[in-house]
Amino acid sequence: MRLNTAAVAALAAFAAPAPALAAARPNIIVVLTDDQDAQMNSIDYMPLLQKHLVDQGTTFTKHYCTIAICCPSRVNLWTGQLAHNTNVTDVSPPYGGYPKFVTEGYSDRHLAVWMQESGYNTYYVGKLFNHHSLSNYDKPHVRGFTGSDFLLDPTTYQYWNFSTTHNGAPPVNYDGVYSPDFTAERVYEFLDEAAEDSEKPFFLVAAPIAPHGNFQLSPKLEAGPPQVAPRHQHLFNDYEIPRTPNFNPETPSGVDWIARLPRLDDTVLAYNDEFQRQRLRSLQAVDEMVEGVVARLEASGQLDNTYIFYTADNGYHISQHRLNPGKECSFETDINVPLLVRGPGVPAGLVKDSVVSSHTDLAPTIMHLAGNPLRADFDGQPIAVHDASNTGPEHVGTEFWGHAFPEGKYGSYVAAAGHLEAYYGLSPADYQADTQMARPAPVNNTYKGLRVVGAEYNLYYAVWCTNDRQLYDMRKDPFQVDNLLDSKKMTATAGPASTLLGRDLATVADRLDALILIMKSCKGNACVEPWRRIHPHGDVHSLSAALAPKYDAFYAQQPKVSFTSCKPGYLREVEGPQHAHVFSGGALDTMREQMHMVDPNWSLWT
Ligand SMILES: *[C@@H]1O[C@H](CO)[C@@H](O)[C@H](O)[C@H]1NC(C)=O
Ligand SMILES: *[C@@H]1O[C@H](CO)[C@@H](O)[C@H](O)[C@H]1NC(C)=O
Ligand SMILES: *[C@@H]1O[C@H](CO)[C@@H](O)[C@H](O)[C@H]1NC(C)=O
Ligand SMILES: *[C@@H]1O[C@H](CO)[C@@H](O)[C@H](O)[C@H]1NC(C)=O
């Protein structure tokens, strides 16, 4: 075959991107805060963030973490894999923390490594993972960074007295320095360093600890609100946590241990309001850093070629659902996190409120923007940051294993005491400084959740290790106080009378349950296109399509998500059915449908 000159030139251009294009690869910055809520509108209290990212970029209001706790969420974020695939499901060994990240083989398999290998200079400042500590920071050193300054345990959450390792050197202690300001200064230094290398683009992560609570072990154990720079101490004195319907509700909400919580009294509510004020005040240092970063990019002429992402590892609740300060829950407060993006071609001032995205998508998004191929083991897909339309993916699966860890003076340390023992190898005498601390058994907080948002629906569904189920119609009940599957309520209202989307509740729940059945163990593209695993012919891509009555019998007979017991980690043997039936549309499905008409209880499988 002979090719004409134009075809040869076109082929050559296709095979090797022009050097000018390669040189123009964008810089990418991720600002990752710690425990920052979206639901209490914390970003509204950050004027510089509003000016530089909200006004100049796109806000994704339906962005989620997939596991509402620091280390597992960060591992999800930096690997592009869901926690059931990383199996880093806790903040400390045996189920999580930096040591688990290492033993699961991720030292060489995370975003910074891939970015560096593709020709980027890579930098990280702040908190990487829990249990990344004074004793293991070099076992091994974290790979993949041209420059780094990592906060180290056990002082990671001390705002004024902490240790870091700079470029892997032996840790240095900083006493009397404000941690979020320290992070900002180091970020500026690395930005200067990056600007000096005109050959390579850079990827930089700024991970300040704000607004995480201040947590110190000595001289006395304290797990209180974040501490604040003196210049911000006077702010927000009149602020109160929004009194939304889920705020310390009269009737308990949620299931299992949450449904058994007593109502918070006025002393606790006042403490919690001040706790949230401190969080907002601590975020002011981050707000200033955002402006500092933008100013430096502008000065070095790189602002127009830099994407800036702003997000948080997980959300936060305070007083909602009668909860003391904390995360780890499946409510919107804990899983919904801010996501702001600005950069070349990203629409300015746009708010996307019906596109669902998650932390699983961020590594693919960043790889894609850098012009790198996507990895087959990614469980997410690039977020369409340049797209001005308000449509896109509709589901995200969330998961959690283990205990809940209430924070603050009145958190009662339900799980904290045992947690600290495991975490620091302390004896009870070491931390029972406050004899008021109650120490009941750790609560079971293992569950699978699902958010589905489409044109006609906005739903949350979850199955707990106790086999309690939650279903919230968030178009009517955005604050998740009316669990449609509450067994007491269902019997009170004669159950089946309730409908959702014009269908019987159980009929809708069957579909959501099947979706969790796929999501809870999905890998790769199955997590992006879960309906395809059930409908391989590709004719069902959404909940609304799956709700077609012709599939009722089929979904009624799907194995249901369930657990045989509550475990603190991902032990697959207690996690019930693992495989969904596939709709073939063939003789078997027809028979199933007909049998179901005769006997709704009929099952070929049981
Ligand atoms: C700061 O931390 C160091 C090392 O842990 C400790 O020796 C020192 O006493 C602390 N300073 C204060 C003011 O607590
Ligand atoms: C946690 O679940 C186990 C069963 O898996 C149960 O025996 C235990 O009582 C539960 N603990 C609490 C505090 O609910
Ligand atoms: C996850 O890790 C834990 C702790 O190492 C282990 O016991 C468990 O079997 C692992 N789960 C899976 C599904 O591999
Ligand atoms: C189906 O099973 C339920 C629960 O076992 C039972 O109450 C109901 O009568 C059964 N229905 C039929 C049609 O057999």
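The first residue in the sequence is number 1, and the count goes up from there. Both ligands and their constituent atoms are indexed starting at 1 by order of listing.
- At a heavy-atom distance under 4.0 Å, no atom of Thr155 approaches ligand 1.
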Can you pull every nitrogen or oxygen pair between ligand 3 and the protein closer than 3.5 angstrom?
unit_1, atom_1, unit_2, atom_2, d
ligand 3, 2 (O), Asn87, ND2, 2.4
ligand 3, 2 (O), Lys100, NZ, 2.9
ligand 3, 5 (O), Lys100, NZ, 3.0
ligand 3, 11 (N), Asn87, ND2, 2.9
ligand 3, 11 (N), Tyr570, O, 2.8

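- Within the listing of ligand 1, atoms 1 (C), 2 (O), 3 (C), 8 (C), 10 (C), 11 (N), 12 (C), 14 (O) sit less than 4.0 angstrom from a heavy atom of Asn161.
- Of the charged side-chain nitrogens involved, none lies within less than 4.0 Å of a carboxylate oxygen, so that Asp313 and Lys327 do not count as a salt-bridged pair.
- Between Asp90 and Lys100, no side-chain nitrogen of the basic residue sits less than 4.0 Å from a carboxylate oxygen of the acidic one, so the salt-bridge criterion is not met.
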Could you go step by step and tell me if Asp377 and Gln81 meet the side-chain hydrogen bond (donor to acceptor under 3.5 Å, both in side chains) rule? CA-CA 7 Å; Asp377 62 10; Gln81 292 186 12; 3.1 Å; yes
Report, one line per pair, each donor and acceptor closer than 3.5 Å where one atom sits in a side chain of residues 519-533; sequence neighbours left out.
unit_1, atom_1, unit_2, atom_2, d
Lys520, NZ, Glu575, O, 2.6
Lys520, NZ, Pro577, O, 2.9
Lys523, NZ, Asn85, OD1, 3.1

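- Under the rule for a ring-ring contact (aromatic ring centres under 6.0 Å, His included), the partners of Phe236 that lie at least two apart in sequence or sit in another chain are Tyr45.
- Residues passing the salt bridge (charged side-chain N to carboxylate O under 4.0 Å, His left out) test with Asp361: none are found, sequence neighbours excluded.
- Checking Arg281 against Asn237 by side-chain atom types alone, a donor-acceptor pair falls below 3.5 Å.
- Listed by number with element, the atoms of ligand 1 under 4.0 angstrom from any heavy atom of Asp175 are 1 (C), 10 (C), 11 (N), 12 (C), 13 (C).
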